[in-house]
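Protein chains get the first letters and strands the later ones, always in sequence-line order, with residue 1 at the start of each. As a basis for the values below, the full set of heavy atoms in this structure was taken, side chains included, without hydrogen atoms, waters or symmetry mates.
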Number of protein chains: 2
Amino acid sequence: MPTVSSEELAAAAGVNSAKLRKDFSYLGSYGTRGVGYDVEYLVYQISRELGLTQDWPVVIVGIGNLGAALANYGGFASRGFRVAALLDADTALAGRLVAGLPVRHIDELETIVADNQVSIGVIATPAGAAQEVTDRLVAAGVTSILNFAPTVLSVPDGVDVRKVDLSIELQILAFHEQRKAGDDRPEPDGDVPAVMPA
Amino acid sequence: MPTVSSEELAAAAGVNSAKLRKDFSYLGSYGTRGVGYDVEYLVYQISRELGLTQDWPVVIVGIGNLGAALANYGGFASRGFRVAALLDADTALAGRLVAGLPVRHIDELETIVADNQVSIGVIATPAGAAQEVTDRLVAAGVTSILNFAPTVLSVPDGVDVRKVDLSIELQILAFHEQRKAGDDRPEPDGDVPAVMPA
DNA sequence: CCTTGTGAAAGCATTCACAGCC
DNA sequence: GGCTGTGAATGCTTTCACAAGG
């Protein structure tokens with residue numbers, strides 16, 4: 001039986017082994033003292049806890065470059081996500097194949113969500129369309145929304161929204177870059193803060 | 001002079017006002033007791049601290065759907081990022097305009113990085129090409145890399161890498177979705193952890 | 001007054017260190 | 001013997017609460 005120790009996993013992940021053991025302990029007691037963790041069993045338990053063993057149908061709304069990139073993104077299928085439909089308001093796009101799926105018109109949204117029991121929607125539309133799409137998704141029964149549009153969405157209680165801003169990570173890099181440059185010369189003006197986030 | 005209080009800002013951001021004041025205090029003492037913060041001055045100070053007042057030339061490597069989506073993404077320009085060049089290994093793409101910029105061949109990488117003093121590179125290539133592109137970027141002088149490819153990059157000390165996994169946010173939504181569904185019925189099997197991350 | 005800026009207190013997260021168990 | 005699981009200790013973050021100051 002292939003096993004792995006908390007020490008090995010911690011080294012691979014770059015964290016402290018006690019933290020790793022404590023985190024695992026919240027999921028249950030899946031290790032064996034003196035031996036380690038049964039790899040296969042551990043993978044299964046973590047997958048189940050994270051919801052990776054379930055099938056999650058999602059709809060992607062807005063099939064521009066970003067929507068197409070998301071539809072083609074391999075990481076979704078391997079984590080239990082199934083693209084139930086690609087939707088766009090542009091009738092010229094209707095029927096075109098993207099990542100092997102036909103683009104369908106936004107007016108089919110309600111039917112598709114109901115027929116496929118979709119609970120997760122991905123918004124890759126321009127900012128101006130995002131709120132209206134959100135309202136329709138929510139009315140149709142979607143309770144989780146991943147928003148790539150650069151706008152804040154309002155939703156009723158009970159609906160989760162996560163916003164992805166593609167430039168935030170770039171901004172974090174630029175922040176560190178600025179710090180690197182500043183290490184060998186004085187700041188151009190003003191004070192250097194004593195503490196800043198990593 | 002338009003001002004804003006820590007209480008107003010905290011309410012808008014959904015955080016505690018004391019935390020907000022303490023965070024601001026690390027940047028300096030920019031408020032006025034009994035009045036609040038001068039909006040314009042505060043915006044300037046925060047912008048400067050975050051590096052938003054600087055110009056950051058970036059190159060985007062891999063002009064598929066994702067690369068094109070990034071090139072078109074409006075959020076970059078407004079935060080001080082300037083796309084110095086779009087690069088791709090596909091010669092068929094060379095010269096094509098994406099977001100108003102011509103796609104250039106990957107072999108121009110070294111020249112472009114040097115000529116534009118690029119310190120930040122964005123990788124939107126397939127996983128297989130990412131490490132090689134990284135090595136070339138680093139050799140050319142890039143010290144910060146934003147990686148959208150689903151692979152772990154190795155870089156020398158002094159180079160920052162941030163990895164963006166477009167499916168992680170979706171996974172977080174699915175995790176909460178699973179929890180919602182589980183609230184009204186017993187777990188299918190196994191224990192419910194006492195604590196899980198938000 | 002009113003609101004900032006900040007010590008002190010409270011609340012969390014991480015790490016230590018070792019008893020418990022295979 | 002070796003590694004997990006976990007109380008206790010440590011360290012960090014957030015909040016409280018109020019003196020300081022316009």
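- Taking 4.0 Å as the cut-off between side-chain N and carboxylate O, B:Arg179 and A:Asp160 do not count as a salt-bridged pair.
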Please list, one pair per line, the donor and acceptor atoms closer than 3.5 Å that link side chains of residues 5-13 of chain B to other protein atoms, with sequence neighbours excluded.
residue, atom, partner, partner atom, Å
B:Ser5, OG, B:Glu7, N, 3.4
B:Ser5, OG, B:Glu8, N, 3.1
B:Ser5, OG, B:Glu8, OE1, 3.2
B:Ser6, OG, B:Arg21, NH1, 3.0
B:Glu7, OE1, B:Ser17, OG, 3.3
B:Glu8, OE1, B:Ser5, N, 2.9

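- Rounded to whole Å, the distance from OH on A:Tyr30 to C1' on D:dC3 is 19 Å.
- In this model, the phosphate group of D:dG2 is not approached by any side-chain N or O of A:Tyr37 to a distance below 4.0 Å at OP1 or OP2.
- Residues A:Thr143 and B:Lys180 approach most closely at O-NZ, 2.7 Å, considering heavy atoms.
- No engagement by B:Phe24 is indicated, since no non-hydrogen atom pair under 4.0 Å with the nucleic acid exists.
- Side-chain N/O atoms of A:Ser29 include one lying less than 4.0 angstrom from OP1 or OP2 on D:dG5.
- Salt-bridge annotation for B:Arg136 and B:Asp107: present, with a side-chain N of the basic residue lying under 4.0 Å from a carboxylate O of the acidic one.
- Straight-line distance from the CD atom of B:Glu8 to the C1' atom of C:dC2: 13 Å, rounded to whole Å.
- Of all non-hydrogen atoms in A:Val142 and A:Gly121, the two that sit nearest each other are CG1-N, 3.7 Å.
- For A:Ala124 against A:Leu70, the heavy-atom pair with the smallest separation is CB-CD1, 4.3 Å.
- Checked against the 6.0 Å centroid threshold, B:Phe76 and B:Tyr73 count as a close aromatic pair.
- Listed by residue number, B:Asn16, B:Ala18, B:Lys19, B:Arg21, B:Lys22 are the residues of residues 15-23 of chain B with a heavy-atom contact under 4.0 Å to DNA chain D.
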Pairs under 3.5 angstrom, nitrogen or oxygen only, protein versus nucleotides 19-22 of chain D, please.
residue, atom, partner, partner atom, Å
D:dA20, N3, B:Arg33, NH1, 2.7
D:dG21, N2, B:Gly34, N, 3.4

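- Straight-line distance from the CD atom of A:Glu7 to the P atom of C:dT15: 12 Å, rounded to whole Å.
- The nearest pair of heavy atoms linking B:Leu173 to A:Ser144 is CD2-CB, 3.8 Å.
- Atom-to-atom, CE of A:Met1 to P of C:dC22 comes out at 14 Å; the value is rounded to the nearest Å.
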